[in-house]
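What follows is a set of notes on a single structure, which appears directly below.
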Amino acid sequence: MTLIKSISGIRGTIGGKVGDNLTPVDAVKFASAYGTWLKNYSKKEKLTVVIGRDARISGPMIHNLVVNTLIGLGIDVIDLGLSTTPTVEVAVPLEKADGGIILTASHNPKQWNALKLLNEKGEFLSGAEGAKILDIAEREAFDFSDVDSLGEITPNDAYMDIHIDEVLELPLVDVEAVKQAKFKVVVDGVNSSGGIIVPKLLELMGVEVVKLYCEPNGHFPHNPEPLKEHLTDISELVVSEKADFGIVVDPDVDRLAFISEDGEMFGEEYTLVAVADYVLSKTPGNTVSNMSSSRALSDVTNNHGGNYEASAVGEVNVVELMKKNNAVIGGEGNGGIIYPELHYGRDSIVGIALFLTHLANKKMKVSELRASYPEYFMSKNKIELTPQIDVDAILTAMTDKYKSENISTVDGVKIDFPQNWVHLRKSNTEPIIRIYTEAKSQAEADALALRIIDEIKIIAGI
């Protein structure tokens with residue numbers, strides 16, 4: 001089953017049978033459900049939706065289907081064409097639109113695509129609103145417009161440039177300081193829209209750019225998830241080019257990873273840590289990340305006199321807690337930077353601009369900057385259980401076992417020990433418990449994971 005329907009949208013592999021994959025019929029069905037929901041949600045006579053896509057091969061096909069479905073519902077479309085997730089999020093409020101759809105499967109391989117759905121603020125929908133869309137799709141409760149009431153398409157390919165301009169105008173982005181630093185940077189755009197927008201941003205900030213996989217043809221040269229094992233080419237190029245560092249984004253440019261000048265990973269978890277360190281140094285305040293993100297953000301926040309809070313996993317949950325906590329910066333440990341001064345969405349472009357400013361101010365190598373932060377190591381594991389085993393009962397038993405520790409049950413079970421932590425979450429689709437641990441060394445993180453796995457197996461009787 002490679003069609004995944006969730007409150008945040010729909011994603012699947014291209015081709016195959018209707019209802020099992022993301023076929024043209026499924027794309028039309030869910031675009032229809034979103035447009036129908038928007039009519040009920042907005043109550044306005046005439047609606048406008050912003051649409052953009054990443055460069056994956058199926059993009060033009062899915063794009064045409066979705067745009068014309070909205071037209072058929074009588075909704076006007078502002079068509080950004082090739083774009084990024086954060087660019088669409090920025091465009092929705094600037095255009096005073098009623099919603100937005102980004103056509104991207106983010107870090108998934110090329111056979112995948114998806115519809116990511118936004119509200120009038122350019123933010124992902126709440127769980128309740130997403131559930132309504134799934135219900136409309138299930139019932140196929142669509143009512144299309146007559147011939148005199150069809151929507152209209154307005155192409156606008158300027159928004160990547162507008163997005164960059166919005167970033168460069170932020171008070172904490174110091175273009176002159178970056179220009180004076182004369183950085184040389186290698187960019188891996190994974191042959192998607194990051195290959196356009198990231199070099200443009202860097203060149204406007206006076207950075208010498210070495211491009212790697214920046215042709216937006218959708219043929220991803222490696223697995224597009226920005227993890228160490230996928231990034232050997234850029235690591236080698238950073239060293240051979242004697243570059244100051246490397247930048248890697250995923251196909252829709254909402255995840256950001258850096259490569260240090262020595263070819264080593266800066267660490268996706270530390271993208272947010274470094275950017276938060278800079279933002280907090282200029283605008284003291286609170287931070288938020290999800291429960292599976294590094295404790296290093298909490299340490300850095302405390303050093304700046306702020307308050308750190310952890311949300312349930314998922315961008316919608318991070319944003320909700322950021323608003324509640326008045327966070328000045330937040331995000332996720334997968335390289336997702338959320339800077340409310342611009343918008344409430346993960347944005348690699350604002351992350352790059354803030355990181356460059358931070359590095360220019362610090363006047364140190366990227367490896368030295370990384371070494372200045374608290375050192376933590378993660379271990380990510382899972383236990384596969386039989387369908388008969390009650391996963392909730394296991395999580396309850398673990399909560400009881402460690403009730404004397406600092407425990408959160410907001411999202412599964414997170415146990416904060418003095419020197420390390422473990423986060424247990426059940427899968428929504430399989431009888432699996434995911435086990436994330438973090439400690440001061442890899443050996444400790446792995447040992448904690450093995451201990452917890454053994455304890456779960458005893459409770460489960462396996």
Side-chain angles (χ1 to χ4, degrees), residues 1 3-12 14 17-53 58-81 83 85 88-89 91-93 95-105 113-156 314-316 319 345:
M1 191 83 163
L3 185 68
I4 301 166
K5 306 164 191 173
S6 75
I7 54 173
S8 59
I10 175 172
R11 63 191 169 105
I14 299 299
K17 290 183 168 36
V18 173
D20 284 348
N21 303 77
L22 185 57
T23 68
V25 174
D26 293 292
V28 170
K29 179 177 172 180
F30 281 89
S32 301
Y34 172 75
T36 301
W37 165 80
L38 199 58
K39 286 180 168 183
N40 297 329
Y41 173 79
S42 176
K43 302 284 192 285
K44 280 168 64 175
E45 192 67 36
K46 192 64 177 171
L47 300 176
T48 303
V49 170
V50 177
I51 306 277
R53 65 175 179 86
S58 61
M61 176 190 74
I62 298 294
H63 182 263
N64 286 331
L65 290 163
V66 169
V67 167
N68 285 298
T69 299
L70 294 177
I71 296 303
L73 285 162
I75 295 171
D76 290 339
V77 170
I78 297 171
D79 183 2
L80 306 192
S83 192
T85 288
V88 177
E89 292 171 346
V92 170
E95 288 291 331
K96 297 182 173 57
D98 303 289
I101 302 179
I102 308 137
L103 306 170
T104 173
N113 213 328
L115 282 68
K116 287 185 175 181
L117 310 175
L118 305 175
N119 62 18
E120 78 284 1
K121 296 175 185 171
E123 297 168 16
F124 288 115
L125 307 185
S126 69
E129 300 304 337
K132 289 176 187 174
I133 292 170
L134 294 180
D135 176 61
I136 293 166
E138 190 68 31
R139 293 185 290 111
E140 296 191 0
F142 321 130
D143 187 6
F144 292 94
S145 296
D146 62 41
V147 71
D148 294 316
S149 307
L150 298 176
E152 295 180 353
I153 304 173
T154 304
N156 187 337
E315 184 173 333
V316 173
V319 167

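- Atom NZ of K44 is separated from atom CD of E120 by 9.0 Å, given to the nearest 0.5 angstrom.
- The two residues R11 and A114 come nearest to each other via the heavy atoms CB-CB, 3.2 Å.
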Could you go through L103 and L115, starting from their C-alpha distance and side-chain angles, then the distance that decides it, and tell me whether this counts as side chain to side chain contact (heavy atoms under 4.5 Å, CB included)?
CA-CA 5 Å; L103 306 170; L115 282 68; 3.8 Å; yes
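- Remark: the backbone N or O of G74 is paired with a side-chain donor or acceptor of S145 at under 3.5 angstrom.
- Atom-to-atom distance recorded for E129:CD and N40:CG is 10.0 Å, nearest 0.5 angstrom.
- Across all non-hydrogen atoms, the minimal contact from V92 to G100 is CG2-CA, 4.0 Å.
- V316 and S126 make their closest contact through CG1-CA, 4.4 Å (heavy atoms, listed as atom of the first residue, atom of the second, distance).
- With a 4.5 Å cut-off on side-chain heavy atoms, I14 and I62 count as touching.
- Remark: the backbone N or O of A131 is not paired with any side-chain donor or acceptor of D135 at under 3.5 angstrom.
- What you find for L80 and S83 is that their closest heavy atoms are CD1-OG, 3.9 Å.
- Within the model, atoms OH of Y34 and CD1 of I136 stand 11.5 Å from one another, a figure rounded to the nearest 0.5 Å.
- A distance-only check finds no donor-acceptor pair linking the side chain of T104 to the backbone of R53 [under 3.5 Å].
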Can you list the steps and then say if K29 with I10 is a side chain to side chain contact (heavy atoms under 4.5 Å, CB included)?
CA-CA 11 Å; K29 179 177 172 180; I10 175 172; over 6 Å; no
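- Within a 6.0 Å sphere centred on NZ of K121, other residues, nucleotides and ligands contribute 12 heavy atoms or fewer.
- Expressed to the nearest 0.5 Å, how far CD1 of I75 lies from NZ of K46 amounts to 8.5 Å.
- The environment of D143 atom CG is sparse: at most 12 non-hydrogen atoms of other residues, nucleotides or ligands sit within 6.0 angstrom.
- Taking the side chain as every heavy atom from C-beta outward, D20 and L3 never approach each other to under 4.5 Å.
- When all heavy atoms are compared, the tightest approach of D26 to K17 is OD2-O, 4.5 Å.
- Of the inter-residue distances, the one linking I102 atom CD1 with T85 atom OG1 reads 4.0 Å to the nearest 0.5 angstrom.
- Aromatic ring pairs are classed by plane angle as parallel below 30°, tilted from 30° to 60° and perpendicular above 60°; the pair F144 and F142 is perpendicular.
- Note that CG of N21 is 13.0 Å distant from CG of N113, once rounded to the nearest 0.5 Å.
- Side chains of L117 and F124 form no contact here, defined as non-hydrogen atoms less than 4.5 Å apart.
- Judged purely by atom type and a 3.5 angstrom limit, D98 has no side-chain atom pairing as donor or acceptor with the backbone of V49.
- Of all the heavy atoms in A27 and L65, the pair that sits closest is CB-CD1, 4.3 Å.
- Just one of N68, L70, I71, D76 meets the side-chain contact (heavy atoms from CB on, under 4.5 Å) condition when paired with L150; it is I71.
- At a threshold of 4.5 Å between non-hydrogen side-chain atoms, the residues L125 and K132 do not count as touching.
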